[in-house]
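Step one of this worksheet: look at the structure below.
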Amino acid sequence: MASEIQILDTAVGFAIPERHARGRIVRLGPALDAVLGAHGYPPVVEKLLAEAIVLAALLGSTLKHEEGQLTLQAQAEGGAIELMVADYRNGEVRGYIRHDPERLAEIPADPSLFALFGRGYLAITFDQAVTGERYQGIVPLEGGSLAEAAEAYFGQSEQLPSLVRLASRRLPDGRHVAGGLLVQHLPEGEEGRDRIHARLDHPEWEHVQALAQTVTADELADPDLPIETILWRLFNEDEVRTYPGVALARGCRCDPAHIRTVIGRFAPDERAEMADEEGEIHVDCEFCARRFSLALDSI
């Protein structure tokens with residue numbers, strides 16, 4: 001394994017060749033603080049968004065091309081959470097949650113997915129930058145956690161035996177740390193036969209799964225524990241190959257120039273309808289919780 005791996009704000013890929021397994025491990029720190037600091041969410045919402053952003057980084061960092069984008073979107077009715085969005089592109093992560101404060105106050109401190117979302121679904125969308133293709137998988141928001149919903153996605157949409165673990169914590173000094181582990185089995189190799197041939201009871205997968213599921217939330221969200229140490233603890237019985245890490249950062253693609261370009265695509269009469277009495281158009285970005293105001297006559 002590599003000797004030096006960044007501890008925070010990084011995604012590291014690894015493979016266990018003899019077991020035909022591959023995986024990703026993610027740890028977020030300052031980047032997560034930057035996302036959550038813009039919103040002031042209650043603790044239970046912070047935890048949910050932290051895990052969603054980690055999941056987006058786990059999946060998005062597997063994209064082969066830098067400009068590819070991975071988006072998680074959960075929509076629901078009957079729960080405290082109305083909408084959750086997290087995405088990843090070229091090492092940048094962002095996300096936000098819309099929630100009902102009154103319903104949130106009524107649910108337990110450690111709620112199930114049903115308590116949070118009611119009836120809902122999780123959509124995972126891969127946008128391929130080079131080909132322009134878009135692939136989307138949708139699974140119900142069922143089970144006890146977001147990690148379980150992600151495992152259901154891989155089982156239904158990808159036919160890949162997968163293990164997902166997500167964890168987050170708030171340190172005594174107020175900083176946030178979150179981490180995640182994704183491990184998958186490729187019984188026929190990376191370029192092998194159709195993935196539907198994967199077996200949940202394959203001896204190789206049973207071995208890897210048994211080891212991987214011993215990872216703890218404290219390990220994943222420990223700001224001082226090197227990622228390579230976690231991998232060694234889990235898989236020291238086998239050869240583990242790690243790949244160069246991907247640096248992660250908070251990134252929101254909204255800025256005055258971009259917004260001006262988007263609004264400029266509308267017809268003049270439509271722009272006029274957007275403006276207020278002072279002749280300004282206001283655009284709110286839910287990702288970074290900022291409002292951008294542009295004078296109508298400047299567009």
After noting the C-alpha distance and the side-chain angles of Asp100 and Glu82, does the key distance pass the side-chain contact (heavy atoms from CB on, under 4.5 Å) rule? CA-CA 7 Å; Asp100 184 329; Glu82 300 167 356; 3.9 Å; yes

For His282, the side-chain hydrogen bond (donor to acceptor under 3.5 Å, both in side chains) test, sequence neighbours excluded, returns Asp276, Ser293

Q | ILVMFWY network linking Leu181 to Val54, side-chain heavy atoms under 4.5 angstrom | A | no

Taken in chain and number order and not counting sequence neighbours, the residues that satisfy salt bridge (charged side-chain N to carboxylate O under 4.0 Å, His left out) with Glu219 are Arg233

Contacts of Asp218 meeting salt bridge (charged side-chain N to carboxylate O under 4.0 Å, His left out) (sequence neighbours excluded), chain-then-number -> none

Rounded to the nearest 0.5 angstrom, the CZ-CZ distance for Arg134 and Phe126 is 12.5 Å

In this structure, CD of Glu278 is separated from CG of Leu296 (nearest 0.5 Å) by 12.5 Å

Check the angle between the aromatic planes of His185 and Trp205 and answer parallel, tilted or perpendicular using the 30° and 60° thresholds. parallel

Quick one: do Ile281 and Phe266 end up in the same hydrophobic cluster if we chain Ile, Leu, Val, Met, Phe, Trp and Tyr together by side-chain heavy atoms under 4.5 Å apart? yes

Rounded to the nearest 0.5 Å, the OG1 atom of Thr216 sits from the CD1 atom of Ile230 at a distance of 8.0 Å

To the nearest 0.5 Å, atom CD1 of Ile25 lies from atom CG of Leu220 at 6.0 Å

Rounding to 0.5 Å, atoms CG (Asn236) and CD (Glu239) come to a distance of 13.5 Å

So the side-chain hydrogen bond (donor to acceptor under 3.5 Å, both in side chains) pairs with at least one residue in residues 107-126 (sequence neighbours excluded) are Gln75-Tyr121, Glu77-Arg119, Thr125-Gln136

Taken in chain and number order and not counting sequence neighbours, the residues that satisfy ring pair (Phe, Tyr, Trp, His ring centres under 6.0 Å) with His39 are Tyr41

Contacts of Glu151 meeting side-chain hydrogen bond (donor to acceptor under 3.5 Å, both in side chains) (sequence neighbours excluded), chain-then-number -> Arg165

Q: Please check if Leu182 and Leu211 belong to a single hydrophobic cluster, counting links between Ile, Leu, Val, Met, Phe, Trp and Tyr side chain heavy atoms closer than 4.5 Å.
A: no

For residues 132-177, the ring-ring contact (aromatic ring centres under 6.0 Å, His included) pairs (sequence neighbours left out) are none

By side-chain hydrogen bond (donor to acceptor under 3.5 Å, both in side chains), Arg291 pairs with (sequence neighbours left out) Asp284

CG (Leu294) and CE (Met274) are apart, to the nearest 0.5 Å, by 11.0 Å

- Task: Verify side-chain contact (heavy atoms from CB on, under 4.5 Å) between Arg89 and Arg94, making sure each step is shown before the conclusion.
- Result: CA-CA 9 Å; Arg89 189 177 75 174; Arg94 61 180 185 169; over 6 Å; no

Charged N to carboxylate O under 4.0 angstrom, Asp9 versus Arg27? no

| Counting only heavy atoms not in Phe114, do more than 12 sit closer than 6.0 Å to its CZ atom? | no

CA sep, side-chain torsions, deciding dist, call: Arg260, Ser298, side-chain contact (heavy atoms from CB on, under 4.5 Å) | CA-CA 9 Å; Arg260 190 183 304 277; Ser298 71; 2.9 Å; yes

Salt bridge or not between Glu92 and Arg250? Use side-chain N to carboxylate O under 4.0 Å.
no

Across all chains, not counting sequence neighbours, the side-chain hydrogen bond (donor to acceptor under 3.5 Å, both in side chains) partners of Thr214 are none

For Asp269, the salt bridge (charged side-chain N to carboxylate O under 4.0 Å, His left out) test, sequence neighbours excluded, returns none

Checklist entry - Given the rule in the side-chain contact (heavy atoms from CB on, under 4.5 Å) test, do Leu70 and Asp87 qualify, once you have shown the distances and angles that lead to the verdict? => result CA-CA 5 Å; Leu70 179 284; Asp87 78 9; over 6 Å; no

Tested for side-chain contact (heavy atoms from CB on, under 4.5 Å) against Arg24, the lone hit among Val164, Val183, Thr62 is Thr62

The side-chain contact (heavy atoms from CB on, under 4.5 Å) partners of Val85 (sequence neighbours excluded) come to Thr71, Gln73, Leu83, Tyr96, Phe287

Using a 6.0 Å cut-off, check whether atom CD of Glu270 has over 12 heavy atoms from anything other than its own residue.
yes

Applying salt bridge (charged side-chain N to carboxylate O under 4.0 Å, His left out) to Arg290 and not counting sequence neighbours gives none

